[in-house]
Number of protein chains: 2
Amino acid sequence: MKKGLTEICYKFFTNLANPTRLAVLEKLMENPMSVNALAALLGQEQSMISHNLKPLLRCKLAFSERQGKKRVYSANRETVSMLFKAVENHAEKYCPSGGRCLKGEKMKNG
Amino acid sequence: MKKGLTEICYKFFTNLANPTRLAVLEKLMENPMSVNALAALLGQEQSMISHNLKPLLRCKLAFSERQGKKRVYSANRETVSMLFKAVENHAEKYCPSGGRCLKGEKMKNG
DNA sequence: TATACATATGAATTTTTATTCATGTAAACG
DNA sequence: CGTTTACATGAATAAAAATTCATATGTATA
């Protein structure tokens with residue numbers, strides 16, 4: 001493993017280890033949208049979405065662009081799809097029947 | 001994104017979002033070893049290593065096998081290398097000069 | 001089978017992270 | 001330029017994780 005990667009990995013995975021941020025990324029993978037659109041879709045407060053978008057932007061897992069009075073967020077499709085795919089591959093191989101091996105502990109939300 | 005994957009991703013990334021566990025995985029990628037060997041190498045208490053190995057095993061990010069009175073742990077090389085590679089790719093492209101873009105927040109250890 | 005070695009577990013505490021609520025700021029548009 | 005819309009930020013609180021220390025369990029072997 002490359003030196004310094006551990007620290008980057010830590011920030012990275014810490015960033016992803018959150019149901020709200022994962023849900024945001026999932027939505028943004030479907031299509032780019034505004035903070036309020038995300039908040040509405042996910043049934044969460046606008047400020048919570050904003051707070052959670054920040055670390056995603058910082059790590060460049062998401063991008064943003066102003067469009068008129070809105071600000072449109074989009075996912076870093078390359079990285080995000082690669083990561084999700086890695087997890088999906090693992091799950092298929094090691095967590096048959098949809099991660100039932102992880103049963104018992106539920107996600108903080110939904 | 002496949003349904004149910006969000007939850008698996010959450011457990012997954014939560015598992016990886018920890019400096020001790022990342023360090024453990026890094027060592028185990030070099031070669032399989034016992035709990036005490038890990039503890040010695042990482043300068044951590046044995047119980048801490050044990051506690052942190054548990055979730056890695058649960059998610060099958062690591063495996064274990066008894067060898068005499070020791071228990072030898074090994075990394076799931078396939079998954080771990082894929083994940084690390086994904087992060088490395090991202091870092092190269094989006095975090096030039098070794099993740100300096102992530103500066104300011106240090107890892108809990110290291 | 002008593003002892004030592006290797007690891008696991010439990011529970012209390014500390015640390016980190018998330019969430020909420022109130023408020024601040026910035027662009028658009030009348 | 002004041003008002004509305006859209007979003008960001010700060011600070012307090014709440015929730016979740018990590019760490020530590022004490023102790024239990026399990027295996028080999030004298």
Side-chain angles (χ1 to χ4, degrees), chain A residues 6-7 10-25 27-28 32-59 61-74 102 104-110, chain B residues 6-7 10-25 27-28 32-59 61-74 102 104-110:
Chain A
T6 304
E7 185 150 350
Y10 171 65
K11 296 191 196 298
F12 222 83
F13 294 133
T14 297
N15 210 330
L16 291 164
N18 177 290
T20 302
R21 288 193 290 274
L22 285 172
V24 162
L25 282 179
K27 286 298 169 200
L28 293 182
M33 63 184 90
S34 71
V35 174
N36 278 329
L38 281 166
L41 270 173
L42 300 175
Q44 306 266 245
E45 300 239 340
Q46 170 267 314
S47 72
M48 185 172 163
I49 301 297
S50 271
H51 275 304
N52 279 291
L53 277 167
K54 199 153 84 161
L56 292 175
L57 286 176
R58 187 172 43 72
C59 274
L61 285 163
F63 307 112
S64 84
E65 184 198 358
R66 186 169 276 285
Q67 271 181 27
K69 78 170 58 169
K70 296 193 174 181
R71 179 170 287 277
V72 175
Y73 287 86
S74 57
L102 305 170
E105 291 127 86
K106 290 230 86 174
M107 216 160 66
K108 282 171 264 183
N109 303 343
Chain B
T6 304
E7 187 150 349
Y10 171 65
K11 295 193 197 295
F12 223 82
F13 294 132
T14 297
N15 210 331
L16 291 164
N18 177 289
T20 302
R21 289 194 289 275
L22 284 172
V24 163
L25 282 179
K27 286 299 168 198
L28 293 181
M33 64 184 88
S34 71
V35 175
N36 277 329
L38 281 166
L41 271 174
L42 299 175
Q44 306 266 248
E45 300 240 341
Q46 169 270 314
S47 72
M48 186 174 164
I49 303 296
S50 271
H51 275 305
N52 280 291
L53 277 166
K54 200 153 84 162
L56 292 176
L57 286 176
R58 187 173 43 72
C59 273
L61 285 163
F63 306 113
S64 84
E65 185 197 357
R66 186 170 275 284
Q67 271 179 26
K69 80 172 54 172
K70 296 191 173 181
R71 180 170 286 277
V72 175
Y73 287 85
S74 57
L102 305 169
E105 291 129 86
K106 289 231 85 172
M107 215 162 67
K108 282 171 261 180
N109 303 341

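Computed from a predicted structure; not experimentally measured. In what follows, every chain begins at residue 1, and chains take the letters A, B, ... in the order their sequences are listed.
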(Q) Closer than 3.5 angstrom, by distance alone: can the side chain of A/Arg21 be matched with the main-chain N or O of A/Asn15 as a donor-acceptor pair? (A) yes

Q) Any side-chain heavy atom of A/Val35 sitting closer than 4.5 Å to one from A/Arg71? A) no

Q. What's the CG-P distance between B/Leu16 and D/dA18, to the nearest Å?
A. 11 Å

Q. What's the closest nucleotide to the A/Ser47 side chain, out of D/dT9, C/dA8, C/dT19?
A. D/dT9

Q: To the nearest Å, give me how far apart CD (B/Gln46) and P (D/dA22) are.
A: 14 Å

Q. Does OP1 or OP2 of D/dA18 have a side-chain N or O of B/Asn18 closer than 4.0 Å?
A. yes

Q.
Whole angstroms only, please: what is the CE-C1' distance between A/Met48 and D/dG10?
A. 17 Å

Q) Of all the nucleotides listed (C/dA8, D/dA8, C/dC21), which has the minimum atom distance to the side chain of A/His51? A) C/dC21

Q: Using whole Å, report how far NZ of A/Lys70 lies from C1' of D/dT5.
A: 10 Å

Q. When the distance from CG of B/Asn15 to C1' of D/dA18 is rounded to whole Å, what number comes out?
A. 13 Å

Q: Return no unless some side-chain N or O of B/Tyr73 is found under 4.0 Å from OP1 or OP2 of C/dA8.
A: yes

Q | Between P of D/dA17 and CZ of B/Phe13, the distance in whole Å | A | 16 Å

Q: Please state how far atom CD in A/Glu45 lies from atom C1' in D/dC7, giving the value in whole angstrom units.
A: 14 Å

Q.
Closest approach to the side chain of A/Tyr10, judged atom by atom: which nucleotide of C/dT17, C/dT7, D/dA8 is it?
A. C/dT17

Q: Measure the spacing between CD1 of B/Ile49 and CD of B/Gln44 and express it to the nearest 0.5 Å.
A: 5.5 Å

**Q.** Exercise: identify the closest heavy-atom pair between A/Ser34 and A/Lys70
**A.** CB-CD, 4.3 Å

Q: Report the nucleotide, chosen from D/dC7, C/dT17, D/dT19, that has the shortest atom-to-atom distance to any side-chain atom of B/Thr20.
A: D/dT19

Q: Given side-chain contact (heavy atoms from CB on, under 4.5 Å), test B/Leu22 with A/Phe13 step by step and report yes or no.
A: CA-CA 10 Å; B/Leu22 284 172; A/Phe13 294 133; 4.2 Å; yes

Q.
Within this structure, what is the OH-CG distance for the pair B/Tyr73 and B/Leu53, rounded to the nearest 0.5 Å?
A. 5.0 Å

Q) When you look at A/Leu16 and A/Leu25, which way does the side-chain contact (heavy atoms from CB on, under 4.5 Å) test go after all the steps? A) CA-CA 9 Å; A/Leu16 291 164; A/Leu25 282 179; 3.6 Å; yes

Q: Can you see which heavy atom on A/His51 is nearest to which on A/Pro55, and at what distance?
A: O-CD, 3.0 Å

Q. Once you round it to whole Å, what is the distance between P of D/dT20 and CD1 of B/Ile49?
A. 10 Å

(Q) Could you measure the distance from the OG atom of A/Ser64 to the CG atom of A/Leu56? Nearest 0.5 Å is fine. (A) 11.5 Å

Q) Roughly how bent is the helix from C/dT1-D/dA30 to C/dG30-D/dC1 end to end, in steps of 10 degrees, with each end axis from five pairs? A) 20°

(Q) How would you summarise protein contacts on nucleotides 24-30 of chain D per nucleotide, using B for base, S for sugar-phosphate only and - for none, with heavy-atom distances below 4.0 Å? (A) ---SS--

Q) For A/Ser34 and D/dC7, is the shortest distance between a side-chain N/O and OP1 or OP2 below 4.0 Å? A) yes

Q | Residue B/Asn52, side-chain heavy atoms: nucleotide from D/dT20, D/dA18, D/dT19 that is nearest | A | D/dT19

Q | Shortest non-hydrogen separation from B/Ser74 to B/Leu28 and the atoms involved | A | C-CD1, 4.1 Å

